[in-house]
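The structure under discussion appears below in the form of structure tokens.
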Amino acid sequence: MIRAVVLAAGKGTRMKSARSKVLHEICGRPMLWYVLQALRGAGIEEILVVANGELEAQIGAFGVASVVQEEQLGTGDAVRVALERLAPKAKGRIVVACGDMPLVTAELFRGMTGSLDSEDGEDAAMALVTVKMPLPSYFGRIVRRGRAVERIVEVSDATPEQLAIDEMNAGIYAFDEAALREAVAQLRPENAQGEYYLTDTVSYFVNAGKQVRPVLATDHLHVLGINDRAELAAARKEMNARLCAQHMRDGVTIVDPITTYLEPELEIGSDTVIYPNTSIGRLSRLGKGCVVGPNSRLSNAAAGDRVTIRESVVVDSTLGDDVSIGPYAHLRGETQLGDRVHVGNFVEIKKSRLARRVKVSHLSYLGDATVGEETNVGAGTITCNYDGAKKNETTIGRDVSIGSNTSLVAPVTVGDGALTGAGSVVTKDVPGGERVAGNPARPLPKKTPGQE
Ligand code: UD1
Ligand code: MG
């Protein structure tokens, strides 16, 4: 059984932030979220996060156990605190990861834990990920004797010859649990920083005649630890490229992945095209054959097939098939649009339901409104939904013609097939089939047969 300990109690001083480092986000999720995803992707479900008090208060959202390390006495002390919390398991294995490495992959964890196994003879006590990196670097150096790893030397304890080594300790390990418990109990803070170094377990195992297996990471980005805002931006760029690549593999055209900002857990149908300067986030779902962007933002949006969203913002809203939005429209507040609805230039729609084939083509605000099928809302129509104290609803039936520049003073209902003339200020309900105009709007003479 493999369990994981995620180290995240460090202060993250270089972020210069009131927020715990691992809670800083890349592509819409905290760094820690990605590390947990990668561990779970490798089949590791039981995870204990070593937190500071500030992180501990936020950890509930992540669905993992946590333990507070009161004083940051080093990575070895952090693991000791975790081991005290974890009930000992015979033949257990423990992965140790860092909460600030959001680009780490499930494959890396799998490869590392797998390398503890031995085909013949004794399983290793420890496997660790190493990485070739350009110098200078603040990472611990891997000192080898022949092909075997002999020890890890921290930069502050290293000799000039050791500092010239370009193979680094990534800070990700897998341990045989019993061996780890034994080694951690032996750690002493006898080094330049006066800290308990988890990395000292390497020489402990080597001296005890136990196996330590290095696993070389293929890409140093996978083990990029985030220490400041510049590294945070670099990690975001890499993660975004990965997310774009994944959707492109699934049949989505992304015209410019550099300026397309995605988040994890999106659903985007094949043959959808995303134009530049577009961000899509918060569990948005798009069907097939859609066109989104340029210059658009979708957040918690759901759209059917063949939907077009140009230069617009769609937040917390649901769109049917063949809907077209924009340019320069803003949908929000649980708005729902039926199939073939058209929302045009400079239109804001909040918390409204528009049935199929409704058109709101220009310069309008619909708030707290319900609009029936095939109704046309003329340019400049405004629902006056706020009376200074509360929001009121507007109900518009089907096949209604709302004339340009109509003000609908809510609460108000316009019945099926009714019409409002240009500039109407509708303060009273309009019965079905009635034609009204003026301020305040009054009924117009009835249509006579043959009259348009
Ligand atoms: C550590 C390694 C170094 C490696 C590097 C990779 C040690 C002694 N050194 O260095 O060989 O190259 O990581 O990034 O382990 N943490 C705690 N409690 C503590 C101290 C740290 O939870 O008391 C956590 C931090 O939040 C962080 C992780 O452990 O997530 C690593 O700590 P950090 O201080 O970054 O380790 P380094 O000294 O940089
Ligand atoms: Mg570090």
Side-chain angles (χ1 to χ4, degrees), residues 4-15 17 19-24 30-32 34-36 39 48-56 59 66-85 95-104 108 126 128-133 135-143 149 151-158 162-163 165-173 175 180 183-184 187-204 212 214 217 220-228 231-232 235:
V5 170
V6 176
L7 305 183
K11 291 181 214 65
T13 334
R14 280 176 281 168
M15 293 299 282
S17 174
R19 208 170 2 150
S20 186
K21 178 165 83 174
V22 299
L23 296 179
H24 283 262
M31 287 196 255
L32 178 60
Y34 292 95
V35 178
L36 301 177
L39 286 167
L48 178 66
V49 174
V50 180
N52 51 35
E54 200 271 322
L55 173 61
E56 169 84 356
I59 206 83
S66 64
V67 60
V68 174
Q69 182 194 21
E70 298 292 348
E71 251 189 299
Q72 274 83 66
L73 301 176
T75 49
D77 181 68
V79 170
R80 182 191 59 76
V81 168
L83 290 173
E84 278 172 15
R85 172 61 60 89
V95 164
V96 176
C98 294
D100 60 358
M101 277 185 199
L103 299 174
V104 69
L108 191 70
M126 174 182 192
L128 76 161
V129 177
T130 76
V131 58
K132 296 272 185 185
M133 264 190 198
L135 296 170
S137 160
Y138 291 105
F139 276 49
R141 302 298 201 270
I142 304 290
V143 180
V149 173
R151 57 188 294 227
I152 297 174
V153 180
E154 294 305 303
V155 167
S156 43
D157 304 297
Q162 288 167 336
L163 284 178
I165 298 171
D166 69 349
E167 185 182 17
M168 315 290 169
N169 169 32
I172 302 173
Y173 324 91
F175 293 94
L180 176 62
V184 163
L187 295 177
R188 297 287 174 269
E190 283 149 17
N191 50 59
Q193 301 185 80
E195 285 185 7
Y196 293 87
Y197 288 168
L198 181 61
T199 44
D200 284 349
T201 56
V202 172
S203 47
Y204 177 81
V212 175
H220 79 272
L221 279 176
H222 291 183
V223 297
L224 180 68
I226 309 304
N227 294 303
D228 58 28
E231 287 167 346
L232 187 72

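Values below: every heavy atom of this structure, side chains too, minus hydrogens, waters and symmetry copies. Ligands are counted one by one from 1 in listed order, and the atoms in each one are counted from 1 as well.
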Open item on the list: With a heavy-atom distance limit of 4.0 Å, tell me whether Met168 approaches ligand 1 through its side chain, its backbone, both, or neither.
Closed with: neither

TODO: Please indicate whether any nitrogen or oxygen in Gln69 is less than 3.5 Å from any nitrogen or oxygen in ligand 1.
DONE: yes

- [ ] Number the atoms of ligand 1 from 1 as they appear, then name those within less than 4.0 Å of a heavy atom of Gly140, with their elements.
- [x] 3 (C), 4 (C), 11 (O), 12 (O)

Task: Part of Glu154 with heavy atoms under 4.0 Å of ligand 1, whether side chain, backbone, both or neither - done: side chain

Task: Ala8 versus Gly99, closest heavy-atom pair with distance - done: CB-CA, 4.5 Å

Task: Polar atom proximity, Phe139 to ligand 1 (N or O, under 3.5 Å) - done: no

TODO: Give a yes or no on whether the backbone of Val149 and the side-chain of Arg151 come within a donor-acceptor separation of less than 3.5 Å.
DONE: no

Task: Residue portion contacting ligand 1 (non-hydrogen atoms closer than 4.0 Å) for Val223 - done: neither

- [ ] Determine whether Tyr173 and Thr201 make a side-chain contact, defined as any pair of heavy atoms from C-beta on separated by less than 4.5 Å.
- [x] no

TODO: Write down the atom of Val35, the atom of Cys98, and the distance for their closest heavy-atom approach.
DONE: CG2-O, 3.5 Å

Open item on the list: Is the contact between Ala78 and ligand 1 made by the side chain, the backbone, both, or neither, using heavy atoms and a 4.0 Å cut-off?
Closed with: side chain

- [ ] Can you sort out which atoms of ligand 1 are near Ala170, meaning under 4.0 Å from one of its heavy atoms?
- [x] 6 (C), 14 (O)

Open item on the list: Under 3.5 Å between any N/O of Thr199 and any N/O of ligand 1: does that happen in this structure?
Closed with: no

Task: Residue of the set Asn169, Ile152, Val155, Thr199 for which side chain to side chain contact (heavy atoms under 4.5 Å, CB included) holds with Arg141 - done: Val155

Open item on the list: Would you say Asp77 and Gln69 are linked by a side-chain donor-acceptor pair, where the criterion is simply a distance under 3.5 Å?
Closed with: yes

Open item on the list: Closer than 4.0 Å to some heavy atom of Thr75 - which atoms of ligand 1 meet that?
Closed with: 7 (C), 8 (C), 15 (O), 20 (C), 21 (C), 29 (O), 31 (C), 32 (O)

Open item on the list: Please list, in number order, the atoms of ligand 1 under 4.0 Å from a heavy atom of Tyr197.
Closed with: 8 (C)

- [ ] Assess Ala8 for proximity to ligand 1: is some non-hydrogen atom of it under 4.0 Å away?
- [x] yes

TODO: Could you walk me through whether Asn227 and Tyr138 pass the side-chain hydrogen bond (donor to acceptor under 3.5 Å, both in side chains) test, one step at a time?
DONE: CA-CA 11 Å; Asn227 294 303; Tyr138 291 105; over 6 Å; no

TODO: Measure from atom 20 (C) of ligand 1 to every heavy atom in Gly10, Gly74, Ala9, Ser137 and give the option owning the shortest one.
DONE: Gly74

Task: Option from Val153, Leu187, Val202, Asp157 for which side chain to side chain contact (heavy atoms under 4.5 Å, CB included) with Tyr197 holds - done: Asp157

Task: Nearest non-hydrogen partners of Ala78 and Val50, listed with the distance - done: O-CG2, 3.6 Å

